Amino acid sequence: MKYVLVTGGVVSGLGKGVTASSIGVVLRACGLRVTCIKIDPYLNTDAGTMSPFEHGEVFVLDDGGEVDLDLGNYERFVDVTLTRDNNITTGKIYQSVLDKERRGDYLGKTVQVVPHITDAIRNWIESVSVIPVDGKEGPADVCVIELGGTVGDIESMPFIEALRQLSFSVGQEKFCLIHVSLIPVLGVVGEQKTKPTQHSVRELRALGLTPHLLACRSAQPLLENTKQKLSQFCHVAAGNILNIHDVPNIWHIPLLLRNQNAHRSILQQLNLLSIATPPDLKDWTKMAETYDNLTNSVRIAMVGKYVGLTDSYLSVVKALLHACIACSLKPEIDWIAASDLEDDSAKLTPEAHAAAWKTLRNAACVLVPGGFGDRGVRGMILAAKYARENNVPYLGICLGMQISVIEFARAVLGLERADSTEFDAQTPNPVVIFMPEGSRTHMGSTMRLGSRRTLFQTPDCITSKLYKNSEYVDERHRHRYEVNPDVIGSLEEAGLKFVGKDDSGRRMEILELPSHPFYVGVQFHPEFKSRPRRPSALFLGLILAATGQLETYLRGNQSNC
Ligand code: GLN
């Protein structure tokens, strides 16, 4: 196994994750098999209990791992299926060491950060890197490891030390360190400043790690003399100083790296030049260019709770992008804070209320994504009602599906107080209920998580056709509540059809309203498996419906999609 370690310096938010996944893309394009590990030095065991407001979306893996959203970037870019162990956190490492200590495995020794925590980190990396993630047998050729945070952070110290030991033990030809840094431009002269990078490289070297390549983030391309300076003061060959300047879209990053021969430098360091092929990035070039040249757009109303931080719905945004690109359309996402649609907001914040409704009415389709807690739920119900009554294409994901059930029960069945027990524990009409296997006392990893099978109940429905008439579909889940099986009969009689169920037949997975052009709710999260060249069927369906192309598409004439 060969390792490519990506560290970051100066500031966070440099796009280290995108850089690391783009390196994976380029190496893969050279014919190598690639796996990835993301290290998050925080204490949380996983991202499951972290607020999307603060940390962005919680990404869910096939195995039910609730992980950092960067793992989503890796899956989408490198086209792999990762496991929960590909995300290492301080919490996981300490938990494993403390479990061992309690079992008595350390035989009376004093358990310490060095060597016990650092050994646990090394062992974790070495054992996870050999798990195949690309559907093939046997270990990958290269493991890209991204160390979260910035070099010098107190909490990343044990990881840096473990990685230093790893680089020493595997030897020169198996370890390549790429340091991502920032080159700011200051003052009227507009000079590109190298000092912050010099400092962070010095810090890294003081900790025993010397970068082989620098990936410098900057607004404009780096000047030749900036590169010379960096090379001289940072102890990195000029040819190994890469520049990631601002680009119109992130799909350009692998191309930018390839154009600077990043692959050659990395392959040379890892002594892999002889087995690698020249990078084939035709698909990426096409994608990046298509994206740049889109002229027509489609307006999508995203009605959610966490609209202040768009990273909260990162995979949904990406899935919309993948679907739109497949239809040669630019996504125009209109974020609507669900609470702004509510009647209360008409009194308290009339302008925001009017603006939210105007935006909703202007959109070609409505998407209500997943979420937790009751904030904004009334607004989401109004959005679902608006879409249902006005034949506007609607996709409800997880919470969005539960919302459409509540709305339908209230408006069509006349059950005014119909609700989810998540929002009203005392509701006389619980149409969405807590799942029996959930835990009421523990939040972490106690939901119904990961890949589960949905069986189509009939081939004669939009979603089955979108999934190419397959009998079942495996999608990822993350929920505690479900549609109450006792109300299915009355909902179906009134016209809401549950066309996808789990294998027990008691758990509702997909709903459709046959009388509507596209009204779909899914208990799972199709966004997590959407990939740039393989858009999620349901997102594609939504965009096609929004642009009046769905029927033609379903009839087999796939027009320009
Ligand atoms: N809060 C709902 C549940 O737990 C929906 C979850 C979600 O949208 N991911 O079932």
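Atoms within a ligand are numbered from 1 in the order they appear, just like the ligands themselves. Here the structure is a predicted model, which is why all the values come from computation and not from measurement.
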At a 4.0 Å threshold, what atoms of ligand 1 neighbour a non-hydrogen atom of [X]?
X: G370; result: 8 (O)
X: R478; result: 6 (C), 7 (C), 9 (N)
X: L399; result: 5 (C), 7 (C), 8 (O)
X: H525; result: 9 (N)

Exercise. Taking the six-membered ring for Trp, are Y313 and W335 parallel (under 30°), tilted (30 to 60°) or perpendicular (over 60°)?
Worked result: parallel
Residue, atom name and distance, where the atom is the protein heavy atom closest to [atom]:
atom: atom 10 (O) of ligand 1; answer: Y481 N, 2.8 Å
atom: atom 4 (O) of ligand 1; answer: R480 N, 2.9 Å
atom: atom 7 (C) of ligand 1; answer: C398 SG, 3.0 Å
atom: atom 2 (C) of ligand 1; answer: E422 OE1, 3.3 Å

Exercise. Are R76 and S315 linked by a side-chain donor-acceptor pair shorter than 3.5 Å?
Worked result: yes
For this session: Would you check if the side chain of D334 reaches a backbone N or O of L360 as a donor-acceptor pair within less than 3.5 Å?
Result: no
Problem set entry | Any donor-acceptor N/O pair, K136 side chain to R33 backbone, under 3.5 Å | no
For this session: Test ring pair (Phe, Tyr, Trp, His ring centres under 6.0 Å) on Y472 and F456 and set out the steps.
Result: CA-CA 6 Å; Y472 63 84; F456 284 105; 9.0 Å; no
Exercise. Is R388 positioned over the aromatic face of Y519, cation under 6.0 angstrom from the ring centre and no more than 45 degrees off axis?
Worked result: no
Exercise. Counting heavy atoms only, which part of E482 comes closer than 4.0 Å to ligand 1: side chain, backbone, both or neither?
Worked result: neither
For this session: Give the contacting part of M447 toward ligand 1: side chain, backbone, both or neither, where contact means a heavy-atom distance below 4.0 Å.
Result: neither
Problem set entry | Lys/Arg N to Asp/Glu carboxylate O, E75 vs R531, below 4.0 Å | yes
Exercise. Do E512 and K497 sit within salt-bridge range, that is, some charged N less than 4.0 Å from a carboxylate O?
Worked result: no
Exercise. Should one rank G373, G371, P369 by closest heavy-atom distance to atom 5 (C) of ligand 1, which comes out on top?
Worked result: G371
